[in-house]
**Q** 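Mind having a look at this structure? Questions to follow.
All heavy atoms count here, side chains included; hydrogens, waters and symmetry mates do not. Naming: A, B, ... by sequence-line order, numbering from 1 per chain.
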Amino acid sequence: MIAPRPATRIGRVASPTAASRTEPIKREGGLDRREELRRVRIEKLEGLREQGVDPYPHVFHRTHGAGEILDRFEELEEKGTVSVAGRLMSLREMGKTAFAHIQDATGRIQIYLRRDDLPDGAFGLVKLLDLGDLIGVEGTVFRTRTGEISVRAGSLRVLCKSLLPLPVVKEKDGQRFDSVTDKEHRYRARHLDLMLNPESRRSLERRTEIIRALRTFLDERGFLEVETPILQTIYGGAMARPFTTRHNALSIDLYLRIALELHLKRLLVGGIERVYEIGRVFRNEGMDRLHNPEFTMLEFYWAYADYHDAMDLVEEMIRTVAERATGSMKIRWNEMEIDLSRPFRRERMADLIRDAAGLDLDTASDEDLTAWLREHDETLPPVPGRGPLIESVFDAAVVPMLLQPTFVLDHPRAISPLAKAHRERPDDTVERFELFIAGGEFANAFSELNDPLDQRARLEDQARRRAMGDEEAQQLDHEFLEAIEQGMPPAAGVGIGVDRLVMLLTGEANIRDVLFFPLMRPEEKPAEGEEAET
RNA sequence: GAGCCGCUAGCUCAUCGGGUAGAGCAUCUGCCUUUUAAGCAGAAUGUGCUGGGUUCGAGUCCCAGGCGGCUCACCA
């Protein structure tokens with residue numbers, strides 16, 4: 001039999017710890033205390049080894065998840081054994097018994113440990129456990145006197161000894177105590193956030209479900225998913241500043257892509273008639289609750305279709321994804337209900353501006369638009385031109401009103417360099433739509449420009465703007481233009497900001513809450529001493 | 001980039017007008033064979049974000065910086 005180690009052994013850690021603390025462990029504030037807690041756990045780890053217990057075994061086969069046992073209690077109660085494993089979230093020792101909760105991916109379940117139910121000596125392991133350890137038990141399912149479904153352990157195994165303290169969350173009467181609530185801490189230590197905050201986990205898991213639903217929707221309709229280069233010698237497809245990096249072997253600077261568009265259109269030329277990519281794009285711009293430097297875009301291109309077809313498809317897609325990922329087509333947003341099940345409104349941009357701002361774009365001059373903006377205390381667009389003026393008026397007068405799903409169509413040509421001229425008003429209007437929900441933009445789409453000479457002219461115009469110092473204007477992409485000259489079928493193209501869609505469907509107000517690892521500024525610069533040592 | 005706010009024990013937070021820091025939980029010791037924010041008895045724990053300044057004396061007041069949050073402007 002394995003004799004449990006005298007508990008006093010643990011008590012003695014204070015002395016070696018104190019002794020070694022005179023050594024140069026001293027660093028930042030708080031580290032000493034943390035180090036002490038860590039040492040206590042290492043002592044217990046050694047205690048396990050001395051008892052012949054491997055604190056890091058290779059495998060433990062489970063028969064059930066915690067949530068599954070709760071769900072299927074009736075059929076499992078007192079019938080055979082189950083084995084479950086998870087992270088130790090609470091431990092209440094009561095002499096010769098102990099109650100614990102373990103948490104796995106499916107939920108949290110109570111474990112009842114009794115000395116007499118366990119093999120000789122095994123109950124002594126309890127003294128060497130800490131919150132945060134991973135353990136596995138085998139036992140029978142029952143309900144305690146207080147009614148909680150529990151597993152009565154017939155065996156106990158340590159599956160991974162944790163060395164760091166686990167912030168403990170306790171709950172009583174729906175009140176939470178001591179959870180990790182500091183947002184910075186949650187973003188930086190996402191593993192802790194996920195362990196301790198079920199709502200974080202729910203939003204992030206839902207992100208994955210939404211992406212899966214988008215993918216399934218397009219796959220079912222014959223779209224081919226592809227991956228195109230992230231490292232590019234020329235960036236394009238959007239107006240944005242790029243990140244740059246360096247390829248050593250080729251001795252060239254490269255850009256991280258800012259959009260997916262141009263490569264996907266080249267595939268359209270090549271005969272992949274329905275194509276999409278869900279991928280990370282990178283924009284070297286400001287960060288706030290709506291913007292992370294890297295974010296996820298969905299773009300799809302559909303040959304022989306136009307933007308009306310795309311509208312129908314996007315409408316169905318948003319509805320389907322919401323239903324599949326959240327189980328509902330209704331979203332609560334700021335006290336109001338957004339209903340995705342009803343047909344989305346479709347309005348021409350000019351009509352919306354006329355109704356909201358009283359400006360008729362056919363007759364209003366640039367001066368009229370400027371006057372309207374001044375009158376309404378709106379900042380004027382940073383770049384001159386009619387397009388930006390119209391956009392500013394639209395953003396100020398119309399967008400905040402677009403709460404229920406609305407397609408806005410037929411944009412001014414001046415703000416849409418990659419969209420095809422409108423078939424009825426080719427001079428000043430393009431075939432484009434944006435989808436607005438809850439005052440935010442969720443999709444941007446065109447009948448794609450496939451007239452190679454027109455496309456070349458527009459990109460050359462962009463290049464001229466670049467030369468004049470507009471950093472966001474697009475570069476001249478000769479490979480793209482050559483592909484277009486080969487002949488691209490008429491097509492509809494759609495871009496969707498996936499992170500924003502996830503925010504909408506999870507109710508999160510900050511993009512960081514739907515990214516597993518949002519970009520954070522490094523917490524501390526390396527100390528000068530450390531830098532000098534290397 | 002601008003404004004406002006925050007940063008105190010492993011976690012969550014106190015510390016009223018400046019007198020070198022406390023609570024709950026976690027940790028450690030002891031008791032307890034159906035507890036559940038278990039309980040009871042005891043113990044230990046802090047470069048108060050960093051650096052300056054004022055002061056006999058600063059977590060507290062002032063200045064600068066760091067990191068974060070929220071709001072505003074540009075971009076998805």
**Q** Just the table, please: protein N/O against nucleotides 73-76 of chain B N/O, every pair under 3.5 Å.
**A**
from	atom 1	to	atom 2	distance (Å)
B:rC74	N4	A:Asp288	OD2	2.9
B:rC75	O2'	A:Glu285	OE1	2.7
B:rC75	O2	A:His291	NE2	3.2
B:rC75	N3	A:His291	ND1	2.9
B:rC75	N3	A:His291	NE2	2.2
B:rC75	N4	A:His291	ND1	3.3
B:rC75	N4	A:His291	NE2	3.2
B:rA76	O2'	A:Arg500	NH1	2.3
B:rA76	O2'	A:Arg500	NH2	3.4
B:rA76	N6	A:Asn292	O	2.9
B:rA76	N1	A:Asn292	N	3.4
B:rA76	N1	A:Asn292	O	3.1

**Q** Can you check the distance between B:rG46 and B:rC7, where both ends of the measurement are the C1' atom (answer in whole Å)?
**A**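 To the nearest whole Å, 15 Å.
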**Q** Quick one: is B:rG39 close enough that its OP1 or OP2 comes under 4.0 Å of any side-chain N or O from A:Arg92?
**A**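 A:Arg92 to B:rG39 OP1/OP2: no side-chain N or O under 4.0 Å.
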**Q** Is any side-chain N or O of A:Thr144 under 3.5 Å from a base N or O of B:rU35, one able to act as donor and the other as acceptor?
**A**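 Per atom types, the contact qualifies.
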**Q** Give every residue pair that meets the salt bridge (Lys or Arg N to Asp or Glu O under 4.0 Å) criterion with at least one member in residues 88-99 of chain A, sequence neighbours excluded.
**A**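 The answer is A:Glu93-A:Lys127.
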**Q** Hydrogens and angles aside, do A:His101 and A:Glu148 bring a side-chain donor and acceptor to less than 3.5 Å of each other?
**A**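 Judged by distance alone, the side chains do pair up.
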**Q** Measure from the side chain of A:Leu37, starting at C-beta and using heavy atoms only, and say which of B:rG10, B:rU34, B:rC28 lies closest.
**A**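 Selected nucleotide (nearest to the side chain): B:rG10.
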**Q** So which one's nearest nucleotide on RNA chain B is more toward 5', A:Gln110 or A:Leu129?
**A**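 With A:Leu129 and A:Gln110 compared, the 5'-side residue is A:Leu129.
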**Q** Kindly write out the residues that satisfy side chain to side chain contact (heavy atoms under 4.5 Å, CB included) with A:Leu204, not counting sequence neighbours, or none if the list is empty.
**A**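 For A:Leu204 the side chain to side chain contact (heavy atoms under 4.5 Å, CB included) partners, ignoring immediate neighbours, are A:Arg190, A:Leu194, A:Phe516.
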**Q** For RNA chain B, which ranges pair as stems of 3 or more consecutive Watson-Crick or G-U pairs, with both donor-acceptor distances under 3.5 Å?
**A**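 Output for stems: B:1-7 with B:66-72, B:10-13 with B:22-25, B:27-31 with B:39-43, B:49-53 with B:61-65.
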**Q** Both A:His185 and A:Phe142 contact RNA chain B. Which one's nearest nucleotide lies toward the 5' end?
**A**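 First, find each residue's nearest nucleotide; the 5'-ward one identifies A:His185.
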**Q** So what does A:Glu148 touch, heavy atoms closer than 4.0 Å: a base, only the sugar-phosphate, or nothing?
**A**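 Result for A:Glu148 = base.
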**Q** What interatomic distance, in whole Å, is found between C1' of B:rC28 and the corresponding atom of B:rG10?
**A**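 After rounding to an integer number of Å, I get 14 Å for this pair.
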**Q** With a 6.0 Å cut-off on the ring centroids, do A:Phe300 and A:Tyr276 count as close?
**A**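 Not under 6.0 Å, so no.
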**Q** Side chain of A:Met94 only, please: which of B:rA26, B:rC67, B:rU35 is the nearest?
**A**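 The nucleotide sitting nearest to the side chain is B:rU35.
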**Q** Looking across every strand, which nucleic acid part, if any, lies under 4.0 Å from A:Arg152 by heavy atom: base, sugar-phosphate, or nothing?
**A**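 Base, at least one base heavy atom under 4.0 Å.
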**Q** Taking the six-membered ring of A:Phe442 as reference, does the cationic atom of A:Arg500 (NZ for Lys, CZ for Arg) lie under 6.0 Å from its centre and within 45° of its axis?
**A**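 Judged by the rule, A:Arg500 and A:Phe442 form no cation-pi pair.
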**Q** Hey, are A:Thr296 and A:Arg207 close enough side-chain-wise for a donor-acceptor pair under 3.5 Å?
**A**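 A donor-acceptor contact under 3.5 Å links the two side chains.
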**Q** Give the rounded distance in Å between these two atoms: CG of A:Leu163 and C1' of B:rA26.
**A**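 Rounding to the nearest Å, CG of A:Leu163 and C1' of B:rA26 are 16 Å apart.
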**Q** Taking only residues two or more places apart in sequence or in another chain, which ones pass side chain to side chain contact (heavy atoms under 4.5 Å, CB included) with A:Ser392?
**A**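 Testing A:Ser392 for side chain to side chain contact (heavy atoms under 4.5 Å, CB included), a comparison that skips the adjacent residues, returns A:Leu373, A:Pro381.
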**Q** Tell me: CZ of A:Arg114 to C1' of B:rU35, nearest whole Å?
**A**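 Rounding to the nearest Å, CZ of A:Arg114 and C1' of B:rU35 are 13 Å apart.
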**Q** Roughly how many Å apart are B:rC62 and B:rA58, using the C1' atom of each and rounding to a whole number?
**A**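 Per the computed distance, 11 Å lies between those C1' atoms.
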**Q** For B:rC16 versus B:rU54, give the span between their P atoms, rounded off to a whole number of Å.
**A**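 About 25 Å, rounded to a whole number of Å.
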**Q** Choose from B:rC11, B:rU27, B:rC25 the nucleotide whose nearest atom is closest to any side-chain atom of A:Val168.
**A**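 Out of B:rC11, B:rU27, B:rC25, the nucleotide with an atom closest to A:Val168's side chain is B:rC25.
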**Q** Just jot down the side chain to side chain contact (heavy atoms under 4.5 Å, CB included) partners of A:Asp117, sequence neighbours excluded, or say none.
**A**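 Side chain to side chain contact (heavy atoms under 4.5 Å, CB included) list for A:Asp117, sorted by chain: A:Arg114, A:Arg152.
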**Q** Using the benzene-type ring in the case of Trp, are the ring centres of A:Phe433 and A:Phe446 under 6.0 Å apart?
**A**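 Distance test on ring centres: not under 6.0 Å, no.
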**Q** Under 4.0 Å from OP1 or OP2 of B:rC31: is there any side-chain N or O of A:Lys96 that close?
**A**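 No, A:Lys96 has no side-chain N/O under 4.0 Å of OP1/OP2 on B:rC31.
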**Q** Verify the distance criterion only: is there a donor paired with an acceptor across the side chains of A:His411 and A:Glu391 at less than 3.5 Å?
**A**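 Side chains of A:His411 and A:Glu391: no pair found under 3.5 Å.
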**Q** Any side-chain N or O of A:Lys170 below 4.0 angstrom from OP1/OP2 of B:rU12?
**A**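 A:Lys170 to B:rU12 OP1/OP2: no side-chain N or O under 4.0 Å.
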**Q** Rounding to the closest angstrom, what is the interatomic distance between B:rG66 and B:rG30 at atom P?
**A**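 Result for the P pair: 49 Å, nearest Å.
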**Q** What distance, rounded to whole Å, do you find between the two C1' atoms, one in B:rA76 and one in B:rG6?
**A**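 Straight-line distance between the two C1' atoms is 29 Å.
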**Q** For the side chain of A:Thr181, counting heavy atoms from C-beta on, which of B:rC13, B:rU34, B:rU27 is nearest?
**A**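 Of the candidates, B:rC13 comes closest.
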**Q** From CD of A:Glu184 over to P of B:rC70, roughly how many Å is that when rounded to an integer?
**A**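 Interatomic distance, CD of A:Glu184 to P of B:rC70: 12 Å.
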**Q** Could you check how far CG of A:Leu192 sits from P of B:rG10, rounded to whole Å?
**A**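 Checked: the CG to P distance equals 14 Å.
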**Q** Reckon A:Phe442 touches a base, only the sugar-phosphate, or nothing at all at heavy-atom distances under 4.0 Å?
**A**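 The answer is nothing, as A:Phe442 stays clear of every strand by at least 4.0 Å.
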**Q** A:Glu43 CD to B:rU29 C1': how many Å, rounded?
**A**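 Nearest whole value for this atom pair: 15 Å.
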**Q** For the residue pair A:Thr181 / A:Arg186, report whether a side-chain donor-acceptor contact shorter than 3.5 Å exists.
**A**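 Absent: no donor and acceptor within the cut-off.
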**Q** For the rings on A:Phe394 and A:Phe436, is their centre-to-centre separation under 6.0 Å?
**A**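 Between A:Phe394 and A:Phe436, the centre distance is under 6.0 Å.
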**Q** Under 4.0 Å: is that the gap between some side-chain N or O of A:Lys44 and OP1 or OP2 of B:rU27?
**A**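 Result: no.
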**Q** Give the rounded distance in Å between these two atoms: CE of A:Met195 and P of B:rC11.
**A**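 Taking atom P of B:rC11 as the reference, CE of A:Met195 is at 14 Å.
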**Q** Tell me whether the OP1 or OP2 atom of B:rU71 has a side-chain N or O from A:Arg289 closer than 4.0 Å.
**A**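 Answer yes for this pair, as a side-chain N or O of A:Arg289 is under 4.0 Å from OP1 or OP2.
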**Q** Measure from the side-chain heavy atoms of A:Arg34 and tell me the nearest of B:rG10, B:rC67, B:rU34.
**A**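 Selected nucleotide (nearest to the side chain): B:rG10.
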**Q** Rounding to a whole Å, what distance do you find between A:His101:NE2 and B:rU34:C1'?
**A**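 Computing the A:His101:NE2 to B:rU34:C1' distance gives 12 Å.
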**Q** Provide the distance between the two P atoms, one in B:rA14 and one in B:rC49, to the nearest whole Å.
**A**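 My reading of the P atoms in B:rA14 and B:rC49 gives 14 Å.
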**Q** Expressed in whole Å, how much space separates the C1' atoms belonging to B:rA43 and B:rA26?
**A**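 Comparing C1' positions in B:rA43 and B:rA26 gives a spacing of 15 Å.
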**Q** Can you check the A:Lys127 NZ to B:rC32 C1' distance for me, whole Å?
**A**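 Those two atoms, NZ and C1', are 11 Å apart.
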